[in-house]
There are 2 protein chains.
Amino acid sequence: MENRKCIDRLEQKGVRVTSIRILVLGALMESSRPMSLADLEKELETVDKSSIFRTLGIFEKHHVVHSIDDGTGSIKYEACEGKDNCTIADMHTHFYCEICHRTFCLKDITAPLVNLPDGFQVHSINYIVKGVCPACRRTVAGRS
Amino acid sequence: MENRKCIDRLEQKGVRVTSIRILVLGALMESSRPMSLADLEKELETVDKSSIFRTLGIFEKHHVVHSIDDGTGSIKYEACEGKDNCTIADMHTHFYCEICHRTFCLKDITAPLVNLPDGFQVHSINYIVKGVCPACRRTVAGRS
DNA sequence: GTCTTAAATGCAACCCGGTTGCGGCTTATA
DNA sequence: TATAAGCCGCAACCGGGTTGCATTTAAGAC
């Protein structure tokens, strides 16, 4: 419960501090994986999902968190890392395991940026690799 | 209505030919953009969405079409190109315009593949670049 | 052609993530 | 303490996707 850290981050980004916001940001910062609305709902039993939803919207607008779409149909969120706003260069690769349905952050692997035809203006990148993660691969190794 | 072409493709992929399947595949092959279930529903008024849904599932399994997730919340489909099955190398880049909400196929731009840590087995790639398309950029040029 | 069977289809209902309207509560400021 | 702005919980809603089931269609046997 590093509340201090959450509070500092919120103040630094110009977001009003409330108990719920501390809880939501705390959960995201402690998690090693991006979390969906449902994940947060489960972890924060006492908080209504609409509150979490609105909180995430505010966080996103103020660059406290950013969202990624791993193709599972539910958007996932993770706390932004650097002090400054998340830029394209900060976007990292994600890996979605089709067996255990977990999404991994590969934070050291920057999402690649291709050259686009003239006229396309890039705002963000969504780069998801799908397949089988090491753990699941080991588990099913016997049969493949 | 190049029915012949659709029928050939279905037979070649080992999919039973029905009138609905010809319609669905025809619509996808004629479209310059990937289509969602809702898009197909609108274009094929006479066909029930559950039929389209199941048809797409069968098409996907038999590599007649593949799906992409452009982060809009609705999966889009496009007809596979080559005679053989779609491979990772065939996956191309998509661009989603945040203004007009259209998804563009950049067929000449192969989706990049990063090097993953050991143990990750890749099946597919989802690479979406988001921003503003040339047409919308021109339209809003006056104010930016 | 007719029969039989499996597959395909339409309909209606459902599921679930996401979203919104609104009344009540909390916080900030005077 | 009074007031206003913003936050929160509840409940209802929305839309894409999915499923169960009865009906229709197509493929093969006779």
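Please read these numbers as outputs of a predicted model, since none were measured by experiment. Letters A, B, ... are given to chains in the order of the sequence lines, protein chains preceding strands, and every chain is numbered from 1.
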Asks: With heavy atoms under 4.0 Å as the rule, sort A:Arg21 into base, sugar-phosphate or nothing.
Replies: sugar-phosphate

Asks: Starting at NE2 of A:His62 and ending at P of D:dG6, how long is that distance when rounded to a whole Å?
Replies: 11 Å

Asks: Grab the CG-P distance between B:Leu40 and C:dT9 for me, whole Å please.
Replies: 14 Å

Asks: Output the rounded distance in Å from CD (A:Glu41) to P (D:dG9).
Replies: 12 Å

Asks: Between D:dG17, C:dC22, C:dT9, spot the one nearest the side chain of B:Ile75, thanks.
Replies: D:dG17

Asks: Rounded to whole Å, please give me the gap between CD1 in A:Ile22 and C1' in C:dT26.
Replies: 14 Å

Asks: Think B:Arg33 forms a cation-pi with B:Phe104, using NZ or CZ under 6.0 Å from the six-ring centre and within 45 degrees of its axis?
Replies: yes

Asks: Rounded off to whole Å, could you give me the NZ-to-P distance for the B:Lys76 and D:dG16 pair?
Replies: 10 Å

Asks: C:dT9 phosphate, OP1 or OP2: any side-chain N/O from B:Thr18 under 4.0 angstrom?
Replies: yes

Asks: Ignoring the backbone of A:Val47, work out which of C:dG10, D:dG9, D:dA27 is nearest its side chain.
Replies: D:dG9

Asks: Once the angle between the rings of B:Tyr96 and B:His101 is folded into 0 to 90°, is it parallel (under 30°), tilted (30 to 60°) or perpendicular (over 60°)?
Replies: tilted

Asks: Which part of the nucleic acid does B:Ser50 contact within heavy-atom distance under 4.0 Å: base, sugar-phosphate only, or nothing?
Replies: base

Asks: Closest to the B:Phe53 side chain: C:dC11, D:dT18, D:dC7?
Replies: D:dT18

Asks: Classify the side chain of A:Lys49 versus the base of D:dG9 as yes if they form a donor-acceptor pair under 3.5 Å and no if they do not.
Replies: no

Asks: Want to settle it: does A:Thr46 or B:Ala38 sit nearer the 5' end of DNA chain D, counting the closest nucleotide to each?
Replies: A:Thr46

Asks: Taking atom P of D:dG17 as reference, at what distance in whole Å does atom CE of B:Met35 sit?
Replies: 13 Å

Asks: Could you state the interatomic distance from CG (A:Leu10) to NE2 (A:His62), rounded to the nearest 0.5 Å?
Replies: 10.5 Å

Asks: What is the distance from CG of B:Asp48 to P of D:dG17, rounded to the nearest Å?
Replies: 14 Å

Asks: So which nucleotide from D:dA27, C:dG10, D:dG9 ends up closest to the side chain of B:Ile20?
Replies: C:dG10

Asks: Rounded to whole Å, please give me the gap between CG in B:Leu37 and P in D:dT18.
Replies: 9 Å

Asks: For residues A:Pro117 and B:Ile109, determine if any side-chain heavy atom of one lies less than 4.5 Å from a side-chain heavy atom of the other.
Replies: yes

Asks: Could you tell me if the side chain of A:Ile128 sits less than 4.5 Å from the side chain of A:Asn126, heavy atoms only?
Replies: yes

Asks: What nucleic acid atoms does B:Ser74 come within less than 4.0 Å of, heavy atoms only: base, sugar-phosphate, or nothing?
Replies: sugar-phosphate

Asks: So for B:Arg54 and D:dG20, does any side-chain atom that can act as donor or acceptor lie under 3.5 Å from a complementary atom in the base?
Replies: yes

